[in-house]
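The next block holds one structure in the form of C-alpha coordinates; read it before the comments.
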Amino acid sequence: FHTNVNDLGEGAPVLFIHGSGPGVSAWANWRLVLPVLAQTRRVIAPDMAGFGFTERVPGAAYTMDAWVRQALDLLDALDIERADVVGNSFGGALALALAIRAPHRVRRLVLMGSVGVPFAITLGLDAVWGYTPSFANMRRIMDVFAFDRALVTDELAQLRY
(Lines give C-alpha, C1' and ligand atoms only; values in the text may rest on other atoms or scores of the structure.)
Protein backbone atom coordinates (compact mmCIF):
# COMPACT_ATOMS: atom_id res chain seq x y z
CA PHE A 1 0.00 0.00 0.00
CA HIS A 2 1.04 3.62 -0.44
CA THR A 3 2.39 5.44 2.63
CA ASN A 4 2.10 9.22 2.65
CA VAL A 5 5.42 10.55 3.98
CA ASN A 6 6.99 13.91 4.72
CA ASP A 7 10.72 13.63 3.97
CA LEU A 8 12.76 16.81 4.44
CA GLY A 9 16.37 17.83 4.89
CA GLU A 10 19.68 16.04 4.83
CA GLY A 11 21.87 14.50 7.48
CA ALA A 12 21.37 11.83 10.11
CA PRO A 13 17.80 10.49 9.79
CA VAL A 14 15.08 11.00 12.39
CA LEU A 15 11.80 9.10 12.08
CA PHE A 16 8.82 10.90 13.63
CA ILE A 17 5.78 8.78 14.51
CA HIS A 18 2.54 10.67 15.19
CA GLY A 19 -0.06 10.08 17.86
CA SER A 20 -3.60 8.78 17.28
CA GLY A 21 -6.41 11.23 18.11
CA PRO A 22 -9.15 12.42 15.84
CA GLY A 23 -7.93 13.83 12.52
CA VAL A 24 -4.27 13.07 13.19
CA SER A 25 -1.66 13.05 10.46
CA ALA A 26 2.11 13.28 10.53
CA TRP A 27 1.98 16.83 9.17
CA ALA A 28 -0.64 17.95 11.72
CA ASN A 29 1.45 16.44 14.53
CA TRP A 30 4.94 17.57 13.45
CA ARG A 31 4.47 20.56 11.08
CA LEU A 32 6.12 23.08 13.41
CA VAL A 33 9.27 21.05 14.14
CA LEU A 34 9.99 19.37 10.80
CA PRO A 35 11.14 22.49 8.90
CA VAL A 36 13.36 23.59 11.79
CA LEU A 37 14.99 20.19 12.34
CA ALA A 38 15.36 19.68 8.58
CA GLN A 39 18.01 22.41 8.63
CA THR A 40 20.45 19.92 10.16
CA ARG A 41 18.82 16.46 9.92
CA ARG A 42 16.83 14.34 7.51
CA VAL A 43 13.36 14.24 9.05
CA ILE A 44 10.89 11.57 8.00
CA ALA A 45 7.28 11.69 9.19
CA PRO A 46 4.91 9.12 7.68
CA ASP A 47 1.17 8.84 8.10
CA MET A 48 0.86 5.41 9.66
CA ALA A 49 -1.67 2.97 8.20
CA GLY A 50 -5.20 4.01 9.14
CA PHE A 51 -4.23 7.66 9.64
CA GLY A 52 -3.82 10.79 7.56
CA PHE A 53 -3.34 10.38 3.83
CA THR A 54 -1.83 6.90 3.79
CA GLU A 55 -3.81 4.49 1.64
CA ARG A 56 -6.51 2.55 3.50
CA VAL A 57 -6.61 -1.00 2.23
CA PRO A 58 -9.97 -2.78 2.64
CA GLY A 59 -9.68 -5.60 5.15
CA ALA A 60 -6.27 -4.46 6.41
CA ALA A 61 -5.45 -5.26 10.04
CA TYR A 62 -4.31 -2.21 12.01
CA THR A 63 -2.07 -3.92 14.54
CA MET A 64 1.23 -3.12 16.21
CA ASP A 65 2.89 -5.80 14.07
CA ALA A 66 1.54 -4.17 10.90
CA TRP A 67 2.69 -0.69 11.97
CA VAL A 68 6.17 -1.93 12.91
CA ARG A 69 6.38 -3.66 9.52
CA GLN A 70 5.26 -0.42 7.83
CA ALA A 71 7.99 1.57 9.63
CA LEU A 72 10.67 -0.99 8.73
CA ASP A 73 9.49 -1.16 5.11
CA LEU A 74 9.61 2.64 4.91
CA LEU A 75 13.15 2.74 6.29
CA ASP A 76 14.13 0.06 3.76
CA ALA A 77 12.48 1.94 0.88
CA LEU A 78 14.37 5.10 1.86
CA ASP A 79 17.63 3.11 2.21
CA ILE A 80 17.96 4.04 5.89
CA GLU A 81 19.81 1.44 7.92
CA ARG A 82 19.38 3.13 11.31
CA ALA A 83 17.48 6.17 12.57
CA ASP A 84 16.72 8.13 15.67
CA VAL A 85 13.01 7.65 16.41
CA VAL A 86 10.62 10.14 18.03
CA GLY A 87 7.17 8.92 19.03
CA ASN A 88 4.20 10.86 20.37
CA SER A 89 1.46 9.04 22.35
CA PHE A 90 0.42 6.10 20.13
CA GLY A 91 3.61 6.81 18.18
CA GLY A 92 5.57 6.35 21.40
CA ALA A 93 4.15 2.85 21.82
CA LEU A 94 4.99 2.12 18.19
CA ALA A 95 8.51 3.52 18.63
CA LEU A 96 9.00 1.25 21.66
CA ALA A 97 7.74 -1.76 19.69
CA LEU A 98 10.08 -0.88 16.83
CA ALA A 99 13.05 -0.59 19.19
CA ILE A 100 12.21 -3.92 20.85
CA ARG A 101 11.64 -5.84 17.61
CA ALA A 102 14.45 -4.27 15.56
CA PRO A 103 16.96 -2.71 17.99
CA HIS A 104 19.67 -2.58 15.31
CA ARG A 105 17.45 -0.12 13.34
CA VAL A 106 16.97 2.39 16.19
CA ARG A 107 19.91 4.54 17.25
CA ARG A 108 18.14 6.74 19.81
CA LEU A 109 14.59 6.85 21.10
CA VAL A 110 12.54 9.86 22.25
CA LEU A 111 9.08 9.27 23.72
CA MET A 112 6.46 11.97 24.31
CA GLY A 113 3.39 11.08 26.38
CA SER A 114 3.91 7.51 25.30
CA VAL A 115 1.28 4.85 25.48
CA GLY A 116 2.63 1.57 26.82
CA VAL A 117 2.81 2.23 30.53
CA PRO A 118 -0.08 2.14 33.02
CA PHE A 119 -1.78 5.49 33.63
CA ALA A 120 -5.07 6.86 34.88
CA ILE A 121 -7.66 8.01 32.35
CA THR A 122 -7.69 11.81 32.47
CA LEU A 123 -10.62 14.07 31.61
CA GLY A 124 -8.73 15.02 28.44
CA LEU A 125 -8.37 11.41 27.28
CA ASP A 126 -11.98 10.73 28.11
CA ALA A 127 -12.99 13.71 25.95
CA VAL A 128 -10.87 12.50 23.03
CA TRP A 129 -12.16 8.94 23.21
CA GLY A 130 -15.73 10.28 23.29
CA TYR A 131 -15.12 12.73 20.42
CA THR A 132 -18.10 13.52 18.19
CA PRO A 133 -16.87 15.00 14.90
CA SER A 134 -17.38 18.74 14.54
CA PHE A 135 -15.08 21.73 14.16
CA ALA A 136 -16.14 23.07 17.59
CA ASN A 137 -15.44 19.73 19.31
CA MET A 138 -12.06 19.45 17.58
CA ARG A 139 -11.12 22.91 18.79
CA ARG A 140 -12.29 22.03 22.34
CA ILE A 141 -10.30 18.80 22.65
CA MET A 142 -7.18 20.43 21.22
CA ASP A 143 -7.38 23.07 23.95
CA VAL A 144 -7.38 20.26 26.55
CA PHE A 145 -3.98 18.96 25.43
CA ALA A 146 -2.09 22.10 24.45
CA PHE A 147 0.37 23.48 26.97
CA ASP A 148 0.58 26.71 24.96
CA ARG A 149 -2.99 27.38 23.86
CA ALA A 150 -1.75 30.10 21.50
CA LEU A 151 -0.65 27.23 19.23
CA VAL A 152 -4.23 25.97 18.96
CA THR A 153 -5.57 27.91 16.00
CA ASP A 154 -8.64 27.59 13.81
CA GLU A 155 -6.26 26.55 11.03
CA LEU A 156 -4.94 23.63 13.11
CA ALA A 157 -8.45 22.59 14.18
CA GLN A 158 -9.55 22.65 10.53
CA LEU A 159 -6.48 20.63 9.52
CA ARG A 160 -7.37 17.94 12.04
CA TYR A 161 -11.14 18.09 11.58
Side-chain angles (χ1 to χ4, degrees), residues 2-56 62-64 66-68 70-71 74-75 78 83-100 106-161:
H2 170 76
T3 294
N4 183 62
V5 63
N6 304 277
D7 186 355
L8 308 167
E10 296 179 9
V14 184
L15 176 65
F16 288 84
I17 306 175
H18 59 74
S20 65
V24 76
S25 69
W27 185 249
N29 206 149
W30 305 112
R31 75 194 185 296
L32 298 179
V33 299
L34 294 180
V36 175
L37 294 176
Q39 294 174 20
T40 59
R41 305 287 298 268
R42 181 178 183 187
V43 294
I44 301 122
D47 288 338
M48 301 311 294
F51 299 96
F53 297 98
T54 286
E55 179 182 5
R56 285 171 173 77
Y62 298 114
T63 64
M64 193 58 70
W67 288 311
V68 168
Q70 179 187 7
L74 177 63
L75 292 175
L78 297 175
D84 295 340
V85 180
V86 179
N88 176 45
S89 189
F90 151 82
L94 176 49
L96 280 169
L98 179 62
I100 290 167
V106 177
R107 188 174 80 104
R108 292 183 182 148
L109 189 60
V110 177
L111 306 176
M112 301 167 36
S114 180
V115 176
V117 295
F119 60 91
I121 302 300
T122 65
L123 292 175
L125 281 176
D126 195 44
V128 168
W129 290 340
Y131 171 75
T132 301
S134 76
F135 176 80
N137 285 340
M138 178 59 72
R139 181 71 195 235
R140 184 178 55 79
I141 65 170
M142 290 175 61
D143 275 332
V144 169
F145 288 104
F147 174 76
D148 181 354
R149 289 194 170 85
L151 296 174
V152 178
T153 63
D154 286 348
E155 176 188 4
L156 177 58
Q158 189 62 44
L159 178 66
R160 293 209 45 171
Y161 171 67

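Between Trp67 and Ala49, the shortest heavy-atom contact is NE1-O, 2.8 Å. Smallest separation of non-hydrogen atoms from Val128 and Pro22: CG1-CD, 3.6 Å. When all heavy atoms of Pro46 and Ala26 are compared, the closest pair comes out as O-CB, 3.3 Å. The minimum heavy-atom distance between Ala99 and Val106, with the atom names listed, is CA-CG2, 3.9 Å.
A donor-acceptor pair is defined here as one N or O able to donate and one able to accept, closer than 3.5 Å; no such pair exists between the side chain of Asp47 and the backbone of Asn4.
In this structure, the side chains of Val86 and Met112 come closer than 4.5 Å at one or more pairs of heavy atoms. Considering only heavy atoms from C-beta on, Thr54 stays 4.5 Å or farther from His2 through its side chain.
The stretch residues 21-33 participates, sequence neighbours left out, in these side chain to side chain donor-acceptor pair (under 3.5 Å) pairs: Asn29-Asn88. Applying the side chain to side chain donor-acceptor pair (under 3.5 Å) test to every pair with at least one member in residues 13-22, sequence neighbours left out, gives no pairs at all.
For Leu111, the side-chain contact (heavy atoms from CB on, under 4.5 Å) criterion is met by Ala95, Leu96, Leu109, Ser114, not counting sequence neighbours. Applying the side-chain contact (heavy atoms from CB on, under 4.5 Å) criterion to Arg107, with sequence neighbours excluded, gives Arg41, Arg82, Asp84. The side-chain contact (heavy atoms from CB on, under 4.5 Å) check on Arg56 picks up Tyr62, with sequence neighbours excluded.
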* Given Phe16 and Leu37, is the side-chain contact (heavy atoms from CB on, under 4.5 Å) satisfied, shown in steps? -> CA-CA 11 Å; Phe16 288 84; Leu37 294 176; 3.5 Å; yes
* Verdict with supporting geometry, Val24 and Arg160, side-chain contact (heavy atoms from CB on, under 4.5 Å) -> CA-CA 6 Å; Val24 76; Arg160 293 209 45 171; 3.6 Å; yes
* Candidate pair Tyr131 and Met138, rule side-chain contact (heavy atoms from CB on, under 4.5 Å), full reasoning -> CA-CA 8 Å; Tyr131 171 75; Met138 178 59 72; 3.5 Å; yes
* Determine, stepwise, if the pair Leu98 / Leu15 fulfils side-chain contact (heavy atoms from CB on, under 4.5 Å). => CA-CA 11 Å; Leu98 179 62; Leu15 176 65; 4.2 Å; yes
Which atom pairs, donor and acceptor, lie under 3.5 Å between side-chain atoms of residues 145-153 and protein residues at least two apart or in another chain?
unit_1	atom_1	unit_2	atom_2	d
Asp148	OD1	Ala150	N	3.0
Arg149	NE	Asp143	O	2.9
Arg149	NH2	Asp143	O	3.0
Thr153	OG1	Glu155	N	3.4
Thr153	OG1	Leu156	N	3.0

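Interatomic distance, Tyr161 OH to Asn137 CG, rounded to the nearest 0.5 Å: 9.0 Å. Note that the CG atom of Asp7 and the CG atom of Leu34 stand 10.0 Å from one another [nearest 0.5 Å].
The neighbour count for Glu10 CD, taken as heavy atoms of other residues, nucleotides or ligands under 6.0 Å away, does not exceed 12.
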